[in-house]
Asker: 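I have a structure here, written as structure tokens, and I will follow up with some questions on it.
Being a predicted model, the structure only gives us computed values, none of them experimental. So that the names make sense, note that chain A is the first sequence line, chain B the second, and so on, each numbered from 1.
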Amino acid sequence: MIETPNPEEEKNTRSLNFIEEIIEEDIRTGVNDGRVHTRFPPEPNGYLHIGHAKSICLNFGLGKKYHGQTNLRFDDTNPVKEDVEYVDSIMEDVKWLGFDWEDRLYYASDYFEQLYEYAVILIRKEKAYVCDMTAEEISETRGTPTRPGKESHFRTRSVDENIDLFSRMRAGEFPDGSRVLRAKIDMASPNMHMRDPVLYRILHAHHHRTGDQWCIYPMYDFAHGQSDSIEQITHSICTLEFEVHRPLYDWFIREIGLYAPRQIEFARLNVTYTIMSKRKLLELVREGYVNGWDDPRMPTICGLRRRGFTPESIRNFADTIGVAKRDNVIDVSFLEYCIREDLNKRANRLMAVLNPVKVIIDNYPDDQVEEMETVNNPEDESKGKRIMPFSKTIFIEREDFMEDPPNKFFRLAPGREVRLKAAYIIRCESVVKDPATGEIKEIHCTYDPLTKSGMPESNRKVKGTLHWVSEKQAVKAEIRLYDRLFTKENPDDLEEGESYKDYLNPGSLKIVTAMIEPAVLTPQVETGGMTGKFQFERIGYFSMDKDSTPENLVFNRVVPLKDSWAKVEKVK
RNA sequence: UGACCCAUGGUGUAAAGGUAGCACGAGUGAUUUUGGUUCACUCGGUCUAGGUUCGAAUCCUGGUGGGUCAACCA
């Protein structure tokens, strides 16, 4: 008996990642009554990148999978670094990726009053105190990981004095840096984060949401867990570097007496030939190494979007790379595989010649124009067909012709035949060169009228098939050819004295003018994010840039096609 | 001379004490009016040394290697 696989069953038996295992165990044992509620908590101090996409897909994916909810919460506790520009871009990017926080948009700054009251609770329990030491003194007395710290002499202040001082901090009586509120935990703890961490600092800074209402701001550690708790988050998922913060996270929840979310840490995403540090990405933008956050070479979501990536391809990428606790570096070629896979099925084909050389078909009637029919997408019949004009003079790629070709060269060469896709088989008869430079100016060919594509006698086999564009009808377009931003696999892995900027790829952007078949002007009104996305046959996937106008077309190369000929050439 | 976390093919990720599997990659071949796609086959792995067990990638101990932590950043 043959068993037919049940797709439902298959879905259920798919192996779980360690976070899903924890969640399912919690559901099984009735923790939170089986409720699942996650959150994505970015600080609005930069643009989101592909690493955030992993976190977004994880958090929203879990919410969806377990019929729970996912909040979007801005972790906006440091006004000097944050801006509404970033808030807006983050919301746009999350939406574009296909996720919906519905009515659950929150800000840590919404909880400032509540957090203040939590701090007062700790003071009253003698678990927090106002410390007058300078930042330097605090740092010096914190000790080192191997040596215990020293207790602050302000540690023994009375509850009343602490309450008074803390309220005056809030009232703006003290200058920045003069005092902080600290937790009273253990200056000898092996965990540095438990050595009387700072809870509040004085910052006379304008906040993008609360304005000048506050001049004291909670630290991350004092805001994050409590915000999770207020929002009844069940599983607070973050990256590995917060692992050592978890005891503190739990300490605040316990001491204040709040609902306790469970913090789970996973390994952040790294991708070869790029960087993820917000600070460094900001540097590249500020110092003009790239043209803005959405430069198509950037690993930012808006950069990938402008490059031509689809949300589907990024979601698929995030789902496929998996989630675990060990450090990982994903090969950028896997990201490229994900977008090729998507665009292969969904993007219409077009012929475009990026490095044109003229081919003149001597035995073709001078003024004749034929309409050649060709399919828009061989992977999807429903995409229909289009017409390409064919005439006596056409362009082919300069790389598709060699005067003295090696054995495995299946393209045009003197005396050899090739198929012009969707048109005729031609034979190269002669070449015309510039006498001064030796550069080939024209390739003269003859065509075989019996081999017209689709005709009964057109089935003759030749080694190669070339793409082409008719000279007269060709449409010019600016093509931006993008390559990896860095020449080094891991630009963060540096020798003494080096900078990641030393490894910027000088060839990461090349601009050429291409000749494209006239169908490129036909608006491709399509759904599914495929507008302006094409496969230029035999070359790669291209996406119309926002700079493009009907008079001045601009395309970005998303990714080249796999090229096994390039490999053959290399070996040689 | 600390605490915590991690270790499976080149990369990523599974195997909850019982056949080390999947994807990408690489290679070979077939198909192909894209040197694309698709299909078939192949390559290649449990850090190390002990221990427990009928049986260990999995549990225990010791090593080794990597990561995180000493912002009034998140």
Side-chain angles (χ1 to χ4, degrees), chain A residues 14-17 21 41-43 45 75-78 80-82 131 133-135 138-140 142-149 176-182 189-195 197-203 216-217 219-221 223-224 238-247 265 267 272 278-279 320-331 333-334 336-338 340-341 344-345 349 351 374-375 378-379 408-411 418-423 425 451 453-454 458-467 535-540 560-568:
Chain A
R14 206 205 82 203
S15 61
L16 305 175
N17 64 49
E21 275 175 12
E43 182 188 17
N45 67 344
D75 225 336
D76 55 350
T77 57
N78 185 4
V80 301
K81 284 192 173 180
E82 296 154 9
C131 181
M133 292 200 292
T134 63
I138 289 178
S139 176
E140 281 162 20
R142 189 164 0 242
T144 70
T146 52
R147 222 172 300 186
D176 287 4
S178 57
R179 289 187 160 87
V180 291
L181 185 72
R182 290 228 253 169
S189 170
N191 184 338
M192 297 295 287
H193 295 278
M194 300 300 271
R195 320 243 266 226
V198 172
L199 272 43
Y200 271 89
R201 75 282 215 187
I202 301 171
L203 234 42
I216 57 171
Y217 291 92
M219 300 290 290
Y220 163 85
D221 284 308
H224 200 96
C238 60
T239 45
L240 241 33
E241 63 268 29
F242 293 102
E243 209 156 25
V244 281
H245 293 243
R246 184 161 15 106
E265 310 87 10
T272 56
K278 272 193 198 175
R279 196 201 91 231
T320 311
I321 56 176
V323 180
K325 293 190 80 161
R326 75 186 91 123
D327 293 329
N328 62 86
V329 187
I330 309 289
D331 202 309
S333 66
F334 186 66
E336 293 174 346
Y337 159 81
C338 289
R340 281 195 193 105
E341 188 198 35
N344 176 49
K345 288 191 293 253
R349 315 283 121 124
M351 294 203 209
T374 186
V375 296
E379 308 294 315
K408 288 187 175 170
F409 188 79
F410 300 151
R411 309 176 187 184
V418 292
R419 156 79 61 185
L420 293 175
K421 172 138 183 157
I425 291 175
T451 59
S453 191
S458 71
N459 283 334
R460 187 147 67 83
K461 299 289 178 215
V462 286
K463 269 288 175 75
T465 302
L466 306 186
H467 62 281
Q535 182 196 106
F536 290 171
E537 261 183 279
R538 301 212 302 135
I539 299 180
L561 250 34
K562 277 217 286 194
D563 186 357
S564 43
W565 166 242
K567 279 181 200 159
V568 174

Asker: Mind checking what makes salt bridge (Lys or Arg N to Asp or Glu O under 4.0 Å) contact with A:E243, not counting sequence neighbours?
Answerer: A:K325

Asker: Classify the nucleic acid contact of A:E43 as base, sugar-phosphate or nothing, counting any heavy atom under 4.0 Å across all strands shown.
Answerer: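 Sugar-phosphate, backbone atoms only, no base.
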
Asker: With sequence neighbours excluded, tell me which residues meet ring pair (Phe, Tyr, Trp, His ring centres under 6.0 Å) with A:F334.
Answerer: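 Once residues adjacent in sequence are excluded, the partners of A:F334 under the ring pair (Phe, Tyr, Trp, His ring centres under 6.0 Å) criterion are A:F317, A:Y337.
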
Asker: So, using side chain to side chain donor-acceptor pair (under 3.5 Å) as the criterion, who are the partners of A:N191 when residues are at least two apart?
Answerer: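 With sequence neighbours excluded, A:N191 shows a side chain to side chain donor-acceptor pair (under 3.5 Å) to no residue whatsoever.
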
Asker: Using the heavy-atom set of chain A and a strict 4.0 Å cut-off, write down the first and last nucleotide of RNA chain B that makes it in, 5' to 3'.
Answerer: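 Contact boundaries, 5' end first: B:rG2 to B:rA74.
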
Asker: Would you mind classifying the nucleic acid contact of A:K461 as base, sugar-phosphate or nothing, using non-hydrogen atoms under 4.0 angstrom?
Answerer: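 The residue A:K461 makes sugar-phosphate contact but no base contact.
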
Asker: Under 4.0 angstrom, heavy atoms only, what part of the nucleic acid is A:V198 near: base, sugar-phosphate, or nothing?
Answerer: sugar-phosphate

Asker: Using a heavy-atom cut-off of 4.0 Å across all strands, would you classify A:V329 as base, sugar-phosphate, or nothing?
Answerer: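 Sugar-phosphate only.
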
Asker: So A:F410, base contact, sugar-phosphate only, or nothing? Heavy-atom distance under 4.0 Å.
Answerer: base

Asker: Does A:M133 reach a base, just sugar-phosphate, or nothing at all? Heavy atoms under 4.0 Å.
Answerer: base

Asker: Base, sugar-phosphate or nothing for A:I330? Non-hydrogen atoms, less than 4.0 Å.
Answerer: sugar-phosphate

Asker: What is the nucleic acid contact for A:P41, judged by heavy atoms within less than 4.0 Å: base, sugar-phosphate only, or nothing?
Answerer: nothing

Asker: Going by the glycosidic torsion and a 90 degree boundary from 0, is the base of B:rA71 oriented syn or anti?
Answerer: syn

Asker: For RNA chain B, write out the stems as range with range, using runs of 3 or more consecutive Watson-Crick or G-U pairs with both distances under 3.5 Å.
Answerer: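 The stems are B:2-7 with B:64-69, B:10-13 with B:21-24, B:25-30 with B:38-43, B:47-51 with B:59-63.
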
Asker: Can you list the residues that meet the salt bridge (Lys or Arg N to Asp or Glu O under 4.0 Å) rule with A:R538, with sequence neighbours excluded?
Answerer: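 Applying salt bridge (Lys or Arg N to Asp or Glu O under 4.0 Å) to A:R538 gives A:D400.
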
Asker: So, using side chain to side chain donor-acceptor pair (under 3.5 Å) as the criterion, who are the partners of A:E241 when residues are at least two apart?
Answerer: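 In terms of side chain to side chain donor-acceptor pair (under 3.5 Å), with neighbours along the sequence ignored, A:E241 is linked to A:T239, A:R268.
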
Asker: Run the salt bridge (Lys or Arg N to Asp or Glu O under 4.0 Å) test against A:R195 and tell me which residues pass, sequence neighbours left out.
Answerer: none

Asker: Contact class for A:A135 vs. all strands (heavy atom < 4.0 Å): base, sugar-phosphate, or nothing?
Answerer: base

Asker: Give A:T134 one of three labels, base, sugar-phosphate or nothing, depending on what nucleic acid heavy atoms sit under 4.0 Å from its own.
Answerer: base

Asker: Who pairs with A:H467 by ring pair (Phe, Tyr, Trp, His ring centres under 6.0 Å), at least two apart in sequence or on another chain?
Answerer: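 None.
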
Asker: Which part of the nucleic acid, if any, lies within contact of A:V323, taking any heavy atom under 4.0 Å across all strands shown: a base, the sugar-phosphate backbone alone, or nothing?
Answerer: sugar-phosphate

